[in-house]
2 protein chains.
Amino acid sequence: MEGAGETYTITDLSRAFGVTARTLRFYEAEGLLHPVRRGRTRLYSRADRARLAWVLRGRAVGFSLAEIRELLDLYAPGEARRPQLEAALAKTVERLAALRAQRDAIDATVTELEQFAATLRSRLEGDA
Amino acid sequence: MEGAGETYTITDLSRAFGVTARTLRFYEAEGLLHPVRRGRTRLYSRADRARLAWVLRGRAVGFSLAEIRELLDLYAPGEARRPQLEAALAKTVERLAALRAQRDAIDATVTELEQFAATLRSRLEGDA
DNA sequence: GCTGTTGTTGACGCGAACGTAAAGGTCATA
DNA sequence: TATGACCTTTACGTTCGCGTCAACAACAGC
């Protein structure tokens, strides 16, 4: 019974998520992560791990780091007054709409690529 | 009965698609569009229009311009020999897999954001 | 004590996707 | 003819998301 849950070094996390240490330091500089320090070295908590997972998924779906930071800040209100809750809800709804639109665009592209693949296959067969 | 179908000026197209003329010239320099010239000024055909639509949708779903150019080139084979058809098919299948993965990531994020929105709403209601 | 591994903070570099002048051609219209 | 609208090329500037040294500290093992 030492402290409060596991901690991770920067290489632990970088390996676990397939990013470089540089990336993690950059994310910290951009306000996306806030690891504590033991001396000078960074110690990442499980909360930091979860935040990182969020960051990477956000990035994968096309959010900019600035947008991701916004969303993360909405997630960690601390003390949340009504107008801020409303603002958070509004922004969240906004993001949802954008994400759904993006998914629709992807679906449309997938459909077209599937058709293209089908014509390619038929041309290959007819050539056999 | 003049020529072969409508043509568009650079501002026609930029307005129609909500991009700047600079963007269209840039896409041409990158080999994504190939408008003909009347004198020095660019004339875009309906085929160019369709290509542009493809480019913008590709960009919206996260493709780089280089990837988009690849796909466009696959679409316009001219004379297609078997190994090139096979290569085109392979790349297309690859893109499809990537797109489906991205869509899944988006779905997961949408789900989480919906839950977050729900908790925000309940906190706002309980506060009423 | 030396080497190696892992960590740190700058600071400069880079590719992608354009933005933004700068300097000028062409055409219509007043 | 000159004023403006629209087009051109050339070329440097900018933002984002890191990569890549450089120079140093801290600790482990031989």
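So you know, we letter chains A, B, ... as the sequences are listed, proteins then strands, and number each from 1.
- By the salt bridge (charged side-chain N to carboxylate O under 4.0 Å, His left out) test, B/Arg100 is found to be paired with A/Glu114, residues two or more places apart in sequence or in another chain being considered.
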Collect all protein-nucleotide pairs involving nucleotides 7-11 of chain C in which both atoms are nitrogen or oxygen and the distance is under 3.5 Å.
unit_1 : atom_1 : unit_2  : atom_2 : d
C/dG7  : OP1    : A/Thr9  : OG1    : 3.1
C/dG7  : OP1    : A/Thr11 : OG1    : 2.6
C/dG7  : OP2    : A/Thr11 : OG1    : 2.7
C/dT8  : OP1    : A/Arg42 : N      : 2.9
C/dT8  : OP1    : A/Arg42 : NH1    : 2.8
C/dT8  : OP2    : A/Arg25 : NE     : 3.0
C/dT8  : OP2    : A/Arg25 : NH2    : 2.8
C/dT8  : O5'    : A/Arg42 : NH1    : 3.1
C/dT9  : OP1    : A/Arg37 : NH1    : 2.9
C/dT9  : OP2    : A/Arg42 : NH1    : 2.8
C/dT9  : OP2    : A/Arg42 : NH2    : 2.6

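- The CG-P distance, from A/Leu13 to C/dT6, rounds to 16 Å in whole Å.
- Between the CG atom of B/Leu24 and the P atom of C/dG19 there is a distance of 10 Å, rounded to whole Å.
- Annotation: salt bridge (Lys or Arg N to Asp or Glu O under 4.0 Å) contacts involving residues 47-57 of chain A, sequence neighbours excluded, comprise A/Arg57-B/Glu112.
- A heavy-atom distance below 4.0 Å to DNA chain D is reached by none of the residues of residues 63-71 of chain B.
- A side-chain donor-acceptor contact under 3.5 Å links B/Arg69 to the backbone of B/Glu30.
- One finds a side-chain N or O of B/Thr20 lying less than 4.0 angstrom from the OP1 or OP2 phosphate oxygen of C/dG19.
- For B/Tyr8 and D/dC7, the OH to P distance is 15 Å, given to the nearest whole Å.
- Every pair passing salt bridge (Lys or Arg N to Asp or Glu O under 4.0 Å) that includes a residue from residues 83-92 of chain B is listed here, sequence neighbours excluded: B/Glu70-B/Lys91, B/Arg82-B/Glu86.
- Atom CG of A/Leu33 and atom P of D/dG17 are 14 Å apart (whole Å).
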Show me, pair by pair, the donor-acceptor contacts under 3.5 angstrom made by side chains of residues 21-29 of chain B, not counting sequence neighbours?
unit_1  : atom_1 : unit_2  : atom_2 : d
B/Thr23 : OG1    : B/Thr20 : OG1    : 3.0
B/Tyr27 : OH     : B/Arg59 : NH1    : 3.0
B/Glu28 : OE1    : B/Arg42 : NE     : 2.5
B/Glu28 : OE2    : B/Arg37 : NH2    : 2.8

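- Residue A/Glu30 contributes atom CD, which lies 13 Å from atom P of D/dT15 at whole-angstrom precision.
- For B/Thr11, the side chain to side chain donor-acceptor pair (under 3.5 Å) criterion is met by B/Thr9, not counting sequence neighbours.
- With rounding to whole Å, A/Arg59 atom CZ is found 9 Å from D/dC18 atom C1'.
- Shown here are the salt bridge (charged side-chain N to carboxylate O under 4.0 Å, His left out) partners of B/Asp104, two or more places apart in sequence or in another chain: there are none.
- Under the side chain to side chain donor-acceptor pair (under 3.5 Å) criterion, A/Arg103 pairs with B/Asp107, not counting sequence neighbours.
- Taking 4.0 angstrom as the limit, B/Tyr27 places none of its side-chain polar atoms (N or O) nearer than this to OP1 or OP2 of C/dA17.
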Quiz prompt | Evaluation steps, side chain to side chain contact (heavy atoms under 4.5 Å, CB included), between A/Phe63 and A/Leu71 | solution = CA-CA 10 Å; A/Phe63 286 161; A/Leu71 283 174; 3.5 Å; yes
